[in-house]
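Predicted model only: the values in this text are computed from it and were never measured. Remember, it's 1-based here, ligands and their atoms both numbered in the order they're listed.
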Amino acid sequence: MRQSRWVEFLVGAVMLLFVGCSESPQTGENQEIEEPGKQTYTRFCFSCHASGLGGAPRTGDAAAWAPRLEKGLEKMLEGVIRGLPPGMPARGMCLQCSDQELENVMTYMLKRSK
Ligand code: HEC
């Protein structure tokens, strides 16, 4: 007798655990929408622009970007597309990136470098 009640209890506990799991809050809903340019930045630009490798202006370093900003965003984007030898490879090494995508990435970096 006692033993079967114990089994019942155990089954109940397992059921509770199961139901508890399926009721876990939905994590997808509150996720921020990915910023345009972020993924490309992480894949292609981060390696140089996070550390300042080869003299790259670091993301987050406002002073490093200030003189570059002076020439205007359009000129800067031209530099990204053509490359700035020897340090900055053409299209930041993202050869499949469209001009628009490169602009998105540049905006992403600059927003973090104010
Ligand atoms: C191999 C390293 C490297 C990678 C990868 C790289 N950069 Fe650069 N980047 C540099 C260096 C070095 C400079 C500084 C060049 C100079 O001023 O001579 C630079 C400069 C720049 C500038 C300033 C241009 C200017 O006119 O002053 C921008 C904007 C830029 N990079 C964007 C990007 C973007 C966007 C990506 C990714 C798609 C990227 N970079 C990937 C090394 C890199």
*Given the rule in the salt bridge (charged side-chain N to carboxylate O under 4.0 Å, His left out) test, do Lys75 and Glu70 qualify, once you have shown the distances and angles that lead to the verdict?*
CA-CA 10 Å; Lys75 278 262 177 298; Glu70 273 173 22; over 6 Å; no
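- Within ligand 1, counting atoms from 1 as listed, the ones closer than 4.0 Å to a heavy atom of Trp65 are 22 (C), 23 (C), 28 (C), 29 (C).
- At least one heavy atom of Val105 sits under 4.0 Å from some atom of ligand 1.
- In this structure, Cys45 and Val105 have side chains that are in contact, with non-hydrogen atoms separated by less than 4.5 Å.
- Taking atom 12 (C) of ligand 1 as the reference point, the nearest protein heavy-atom neighbour is Gly54 O, 3.3 Å.
- Put simply, CE on Met106 and CG on Asp99 are 11.0 Å apart, with the number rounded to the nearest 0.5 Å.
- Cys pair Cys97/Cys94: SG-SG separation is below 2.5 Å.
- The line from CZ of Phe44 to CD of Gln39 is 10.5 Å long, rounded to the nearest 0.5 Å.
- Set against the non-hydrogen atoms of Met106, the atoms of ligand 1 under 4.0 Å away are 29 (C).
- Here the protein contributes His49 NE2, Met88 SD as N, O or S atoms under 2.8 Å from atom 8 (Fe) of ligand 1.
- Of the polar atoms of Arg68, at least one N or O is found under 3.5 Å from an N or O of ligand 1, judged by distance alone.
- A donor-acceptor pair under 3.5 Å links the side-chain atoms of His49 to the main chain of Pro57, judged by distance alone.
- The shortest side-chain heavy-atom distance between Val80 and Arg91 does not fall under the 4.5 Å cut-off.
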_side chain to side chain contact (heavy atoms under 4.5 Å, CB included) between Asp61 and Ser113, worked out_ = CA-CA 5 Å; Asp61 184 348; Ser113 309; over 6 Å; no
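- You'll find the side chain of Asn104 reaches within 4.5 Å of the side chain of Glu101, heavy atoms only.
- With hydrogens left out, the protein atom closest to atom 5 (C) of ligand 1 is Phe44 O, 3.1 Å, a heavy atom.
- Ligand 1 has Arg91 within reach: a non-hydrogen atom of the residue lies less than 4.0 Å from it.
- Proximity annotation for atom 25 (C) of ligand 1: of Glu101, Lys71, Met109, Lys71 comes nearest, heavy atoms only.
- There is a side-chain donor-acceptor pair under 3.5 Å between Thr59 and Tyr41.
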